[in-house]
Amino acid sequence: MKALSSLLLAVLLFTAVPSAAQDGGWVSLFDGTSLDGWQVGENASTFSVEDGVLVVHGPRAHLFYAGPVENHDFDNFEFQADVMTTEGSNSGIYFHTEYQESGWPSKGFEVQVNNSHTDWKRTAGLYNISDVREAPAVDDEWFTMRIRVEDKRIRTYVNDSLVVDFTEPTPPEPPQGNADRVISSGTFALQGHDPDSRVYYRDIMVRSLPE
């Protein structure tokens with residue numbers, strides 16, 4: 001009986017541990033029911049939540065994480081989300097960016113989400129930095145996108161397969177017209193690219209890495 005009580009106590013203690021600790025430090029950024037903790041400027045209707053999924057469909061818009069995790073200011077981190085594209089759709093995941101009311105975000109990097117859009121730059125590429133020509137995923141199927149940033153090194157993965165491994169040179173060499181596309185710190189943003197694109201996100205998570 002004593003052994004059974006000890007076992008039950010151990011189970012209770014384990015289940016009382018916060019989920020982030022159980023999951024190796026991963027913390028959710030999206031509650032699956034609302035856009036709480038996120039901020040959008042122009043064309044806010046581009047973003048909605050349906051059945052636990054963040055739906056991106058409408059005119060150009062960007063949804064910025066503005067919640068309490070790390071005070072929405074990340075430097076070294078891993079970001080992960082499940083993503084599903086539809087035929088001809090385009091989206092993107094920005095990091096090291098900051099809230100911008102309108103236009104394309106000028107600060108930070110964009111990780112492309114595009115398996116079949118007319119833009120040849122495909123999913124998991126660092127837009128205008130280290131572009132990808134062959135899509136590592138397909139439309140109408142969920143895939144997991146993971147972004148890992150450690151100091152000057154950026155890696156992207158699709159379904160745990162490495163796609164891009166980029167180290168920023170010293171001094172940085174941002175592309176023409178993107179002077180602020182350099183490693184610094186900042187938040188994340190999801191992109192609504194155009195009215196003909198429909199992209200889905202779920203299980204949006206992050207974990208901080210040592211500096």
Is [X] linked to [Y] within one hydrophobic cluster, defined over Ile, Leu, Val, Met, Phe, Trp and Tyr using a side-chain heavy-atom separation of less than 4.5 Å?
{"X": "F166", "Y": "L209", "answer": "no"}
{"X": "F77", "Y": "I154", "answer": "yes"}
{"X": "V182", "Y": "I93", "answer": "no"}

Completion exercise
Residues pairing under salt bridge (Lys or Arg N to Asp or Glu O under 4.0 Å) where one sits in residues 147-159, two or more places apart or in two chains, turn out to be E78-R148, R148-E150, E150-R155, K152-E168, R153-D165
Exercise for the section: Return each pair, listed once, that meets salt bridge (Lys or Arg N to Asp or Glu O under 4.0 Å) where at least one residue sits in residues 175-204; pairs must be two or more places apart or across chains. Expected result: D82-R202
Spacing of [atom1] belonging to [X] relative to [atom2] belonging to [Y], to within rounding of 0.5 Å:
{"X": "F109", "Y": "I183", "atom1": "CZ", "atom2": "CD1", "value": "5.0 Å"}
{"X": "T85", "Y": "D140", "atom1": "OG1", "atom2": "CG", "value": "7.0 Å"}
{"X": "E110", "Y": "T97", "atom1": "CD", "atom2": "OG1", "value": "10.0 Å"}
{"X": "S185", "Y": "F95", "atom1": "OG", "atom2": "CZ", "value": "12.0 Å"}

Exercise for the section: Taking the side chain as every heavy atom from C-beta outward, state whether V111 and L126 have any atom pair closer than 4.5 Å. Expected result: yes
Problem - Test item: S34 and V49 side chains (from C-beta on) under 4.5 Å apart, heavy atoms - result: no
Handout entry: Criterion side chain to side chain contact (heavy atoms under 4.5 Å, CB included) on D139 and T86, from CA distance to verdict
Key = CA-CA 5 Å; D139 292 328; T86 57; 5.7 Å; no
Quick one: closest heavy-atom pair of [X] and [Y], and the distance?
{"X": "A124", "Y": "T156", "value": "O-OG1, 2.8 Å"}
{"X": "E42", "Y": "A61", "value": "O-CB, 3.4 Å"}
{"X": "K121", "Y": "Q112", "value": "O-NE2, 2.7 Å"}
{"X": "H96", "Y": "V149", "value": "CE1-CG1, 4.0 Å"}
{"X": "S116", "Y": "G88", "value": "OG-N, 2.8 Å"}
{"X": "S89", "Y": "N114", "value": "O-OD1, 3.7 Å"}

Exercise for the section: Provide the full list of side chain to side chain donor-acceptor pair (under 3.5 Å) pairs with a residue in residues 169-178, sequence neighbours left out, each pair given once. Expected result: none
Fill in the blank from the handout: Residue pairs passing the side chain to side chain donor-acceptor pair (under 3.5 Å) test with at least one member in residues 43-55, sequence neighbours excluded, are none
Contacts under 3.5 angstrom, residues 157-164 side chains, donor-acceptor by atom type, not counting sequence neighbours:
from: N159; atom 1: OD1; to: T144; atom 2: N; distance (Å): 2.9
from: D160; atom 1: OD1; to: R146; atom 2: NH2; distance (Å): 3.3

Problem - T123 and N115: side chain donor to acceptor below 3.5 Å - result: yes
Exercise for the section: Say whether, by atom type as modelled, one donor and one acceptor occur between the side chain of Q100 and the main chain of S102 under 3.5 angstrom. Expected result: yes
Practice task
Mark yes or no for whether H57, through its side chain, and S197, through its backbone, hold a donor-acceptor pair below 3.5 Å.
Solution key: yes
Exercise for the section: Take L190 and L54 through the side chain to side chain contact (heavy atoms under 4.5 Å, CB included) test and state the conclusion after the steps. Expected result: CA-CA 10 Å; L190 304 179; L54 178 56; 3.3 Å; yes
Practice task
Inspect the surroundings of CD in E87 and state if more than 12 heavy atoms from other residues, nucleotides or ligands are less than 6.0 Å away.
Solution key: no
Exercise for the section: May I ask you to check whether over 12 heavy atoms, not counting those of E211, lie within 6.0 Å of atom CD? Expected result: no
Completion exercise
Contacts of F74 meeting ring-ring contact (aromatic ring centres under 6.0 Å, His included) (sequence neighbours excluded), chain-then-number -> F188
Completion exercise
Sorted by chain and number, sequence neighbours left out, ring-ring contact (aromatic ring centres under 6.0 Å, His included) with H62 holds for Y94, W104
Problem - side chain to side chain donor-acceptor pair (under 3.5 Å) against T33, all qualifying residues, sequence neighbours excluded - result: D31
Problem - Shared-cluster residues of M84, by chain and number - hydrophobic side chains joined below 4.5 Å - result: V53, V55, W142, Y200
Handout entry: ILVMFWY cluster membership beyond Y99 - transitive side-chain contacts under 4.5 angstrom
Key = F64
All N/O donor-acceptor pairs, side-chain side in residues 131-138, below 3.5 Å, sequence neighbours left out:
from: D131; atom 1: OD1; to: N128; atom 2: N; distance (Å): 2.9
from: D131; atom 1: OD2; to: N128; atom 2: N; distance (Å): 3.4

Problem - Pairs touching residues 116-135 that satisfy ring pair (Phe, Tyr, Trp, His ring centres under 6.0 Å), sequence neighbours left out - result: H117-H193
